[in-house]
Amino acid sequence: MPPAALSERPSADTIRRVSAADVGDGQVAADLMLRDPKTLPGDASVGEVRVQLGNPKVQMVLLAESGKLVGAVTDIPANAAGDEHAAGYTDPNPDTISPSESAITAFARAVASPHRRVIVVDDDGSLLGLLCLNASRTRFCQTPGSTAR
């Protein structure tokens with residue numbers, strides 16, 4: 001599934017309240033993820049990423065190429081030149097999870113993440129989605145077409 005370049009963020013009516021008691025019963029990370037997370041191309045510039053990170057709702061910018069995760073950027077140093085490749089500032093160990101991981105594990109990992117985000121990838125590194133919690137860590141962001149119950 002190719003990532004959607006600069007797709008829209010979910011609206012308030014596409015976010016559902018979640019607690020540890022709500023997840024489980026056979027659900028997996030794929031049931032809870034945003035299926036089309038906002039991405040930029042793998043060769044995006046620091047300037048392009050800065051624009052995205054300038055939005056207070058954006059915690060992480062995903063870089064992807066041909067459906068594969070290139071990296072995740074959560075911070076750009078103030079002295080980085082705007083025309084540099086942002087890939088040089090990706091997290092060396094982004095928090096990723098398999099789509100088949102249990103929903104309970106997915107929830108725990110998202111709650112523990114400093115950015116409230118966990119990237120969903122398959123064994124080949126294909127970007128499948130993003131687990132995203134709101135600031136209070138009580139709701140998963142969901143796309144209208146998700147299979148969340």
K.L.:
Would you call D75 and V73 a side-chain contact if the rule is heavy atoms closer than 4.5 Å?
P.N.:
no
K.L.:
Which atom names give the shortest non-hydrogen contact between I119 and P94, and what distance separates them?
P.N.:
CD1-CB, 3.9 Å
K.L.:
Heavy atoms, side chains only, cut-off 4.5 Å: are M33 and L131 in contact?
P.N.:
yes
K.L.:
Are L40 and V58 connected, step by step, through hydrophobic side chains (Ile, Leu, Val, Met, Phe, Trp, Tyr) whose heavy atoms are closer than 4.5 Å?
P.N.:
yes
K.L.:
What I'd like to find out is whether the side chain of Q59 reaches to under 4.5 Å of the side chain of T74, using heavy atoms alone.
P.N.:
no
K.L.:
For E101 and S98, indicate whether the former's side chain and the latter's backbone hold a donor-acceptor pair under 3.5 Å.
P.N.:
no
K.L.:
How close do L130 and P37 get, heavy atom to heavy atom, and via which atoms?
P.N.:
CB-CB, 3.8 Å
K.L.:
Quick one: does any side-chain atom of N55 pair with a main-chain N or O of K57 as donor and acceptor, under 3.5 Å?
P.N.:
yes
K.L.:
Please report the closest heavy-atom contact between L63 and A86, naming both atoms and the distance.
P.N.:
CD1-C, 4.1 Å
K.L.:
Has R117 got a side-chain atom pairing as donor or acceptor with L133's backbone, closer than 3.5 angstrom?
P.N.:
yes
K.L.:
So how far is it from L62 CG to T90 OG1, rounded to the nearest 0.5 Å?
P.N.:
11.0 Å
K.L.:
Give a yes or no on whether L53 and V46 share a hydrophobic cluster (residues Ile, Leu, Val, Met, Phe, Trp, Tyr; joining criterion: side-chain heavy atoms under 4.5 Å apart).
P.N.:
yes
K.L.:
What's the spacing between M60 CE and K38 NZ if we round to 0.5 Å?
P.N.:
14.0 Å
K.L.:
Return the CG to CD1 distance between L128 and I97, rounded to the nearest 0.5 Å.
P.N.:
12.0 Å
K.L.:
Work out which heavy atom in V70 is nearest to a heavy atom in G42; give both atom names and the distance.
P.N.:
CG2-CA, 4.0 Å
K.L.:
Taking the side chain as every heavy atom from C-beta outward, state whether K68 and V121 have any atom pair closer than 4.5 Å.
P.N.:
no
K.L.:
Which heavy atom of L127 sits nearest to which heavy atom of A64, and what is that distance?
P.N.:
CD2-CB, 4.2 Å
K.L.:
I need the minimum non-hydrogen distance between D31 and G26, along with the two atoms involved.
P.N.:
OD2-O, 4.2 Å
K.L.:
Provide the full list of side chain to side chain donor-acceptor pair (under 3.5 Å) pairs with a residue in residues 103-115, sequence neighbours left out, each pair given once.
P.N.:
D95-R109, S102-T105
K.L.:
To the nearest 0.5 angstrom, please state how far the CG atom of D122 sits from the OG1 atom of T96.
P.N.:
10.5 Å
K.L.:
Are V61 and I76 connected in the hydrophobic side-chain network, where two residues link if heavy atoms are under 4.5 Å apart?
P.N.:
yes
K.L.:
Atom CD in Q27, atom CZ in F107: separation rounded to 0.5 Å?
P.N.:
12.0 Å
K.L.:
Do P41 and E65 have side chains that approach each other closer than 4.5 Å (heavy atoms only, starting at C-beta)?
P.N.:
yes
